[in-house]
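First comes the structure, then the notes that go with it.
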Amino acid sequence: MSRRYLFTSESVTEGHPDKICDQISDTILDALLTQDPYSRVAAEVVVNTGLVLITGEITSKANVNYVNLARQKISEIGYNDAVNGFSASSTSVLIALDEQSPDIAQGVNAAQETRDQDSEELFDKVGAGDQGLMFGFACNETPELMPLPISLAHRIARKLAAVRKTGDLPYLRPDGKTQVTVQYEDDKPVGIDTILISTQHTPSIDNITEEAAVRDRIKNDLWSAVVVPVFEDISVKPNQDTRFLVNPTGKFVIGGPQGDSGLTGRKIIVDTYGGYSRHGGGAFSGKDPTKVDRSAAYAARYAAKNIVAAGLAEKCEVQLSYAIGVARPVSISIDTFGTGKVDDEILLELVKQHFEFRPAGIIHAFNLRNLPSERGGRFYQDVAAYGHLGRTDLDLPWERVDRAALLQQVI
């Protein structure tokens, strides 16, 4: 008997309050690593009406202007007038930063002492910056080997921002959320059940002020300018039975930090797999690569993606766990959910042999300290919105499938 079910994932635009915080946090990280690649960064941001609070722990030789960095990022996102209740020019920016605790830092201080002398000895010497567990996942539902619901939610969110910035739909404002419900049959996506878009907008559109008329105009525009283009190259498309919901409360005029406060790290499911795979609980943004919440999650995705790209499984989840100050993972686990072409135990041994999971080794393999300076001062801020994984618009080292051929050969 076939099994049918629905699965839903959501995304948010770069103007969502939580995503503003993630982007400011990673803009700070980019600036610090560009000047001092060995900066220790745990930058947290809070936003509310007319307010940005930058807090956390930072130890760095870099000299950056945190206020200017925050204002520049807010302006880039699109908050440039006071009508939003949050503006790059008028918002207050408060700074409350400490240095990293020496008790935490000592676990990774070997990296400071040896600097660029990457070696097996160093990789074994540099411990994880904290305890925790991380998951990486891949499946063959999309070309980028991501689950279809989160892939579509991100596509729609990015297109929603694009038509605002190009002026195609000039009445849109920066805050927005998307959600896609996919219909599955025997674990294969076969249809689109529901598409939901909530987008901030001006009170009136072309002299249309009546609430129902405004919503109808937005709904029609979003279908033609956002949804239809997104699905052009997707085989599973909406049909006459697909529900299309837009601003279900009726209107969305007050948004951004004026409508809701924001906080770094509150969109970890949006950042990863949309709930399709498990999550260890640690956020990514604002953290330098010694924090395994970030770097080890990237490494786990890299391993899982190469397994699926090699055709060794239709879906694969890799779990890593760490102890603070200890280099090698406490545990490594692999689950292919019954889709593996070989036993999971064999894949586990392959992963241990051919993938690097020690923090210093991950940093070296992905060049995580130097990518901001090598890419013109911005790298992490570009993954802080629309997902850290499955990105086809960015050259991300953890998204490469350069180990797939090797895995095929050793089986």
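Keep in mind that what you see is a predicted model, and the values were worked out from it rather than measured. Numbers here simply count residues along the sequence, with the first being 1.
Side chain of Ser39 to backbone of Val41: no donor-acceptor contact under 3.5 angstrom is found. In this structure a side-chain-to-backbone donor-acceptor pair under 3.5 Å is present from Tyr380 to Leu368. At distances below 3.5 Å, at least one donor-acceptor pair connects side-chain atoms of His201 with backbone N or O atoms of Phe252. Put simply, the side chain of Thr194 never gets that close to the backbone of Arg243: no donor and acceptor are under 3.5 Å apart.
Proximity of Phe284 to Ile268: side-chain heavy atoms (C-beta onward) are nowhere separated by under 4.5 Å.
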Next on the checklist: Pair Ser285, Asp26 - check side-chain hydrogen bond (donor to acceptor under 3.5 Å, both in side chains), show working.
Outcome noted: CA-CA 6 Å; Ser285 289; Asp26 275 338; 2.9 Å; yes
Next on the checklist: Evaluate Lys315 against Glu317 for salt bridge (charged side-chain N to carboxylate O under 4.0 Å, His left out), listing each step before the verdict.
Outcome noted: CA-CA 7 Å; Lys315 59 178 68 175; Glu317 183 181 76; over 6 Å; no
Item to check | Candidate pair Asp30 and Gln381, rule side-chain hydrogen bond (donor to acceptor under 3.5 Å, both in side chains), full reasoning | outcome: CA-CA 7 Å; Asp30 277 339; Gln381 62 190 283; 2.9 Å; yes
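In this model, no donor atom of one side chain and acceptor atom of the other lie less than 3.5 Å apart for Asp288 and Tyr38. In the model, Thr142 has no side-chain atom that pairs as donor or acceptor with a side-chain atom of Ser151 under 3.5 Å.
Taking the six-membered ring where tryptophan is involved, the planes of Tyr302 and Phe366 are perpendicular, since the angle between them exceeds 60° and thus also 30°. The aromatic rings of Phe137 and Tyr276 are tilted relative to each other, their planes meeting at an angle between 30° and 60°.
Both tests do not hold together for Arg294 against Tyr298: distance to the six-membered ring centre under 6.0 Å, angle to the ring axis within 45°.
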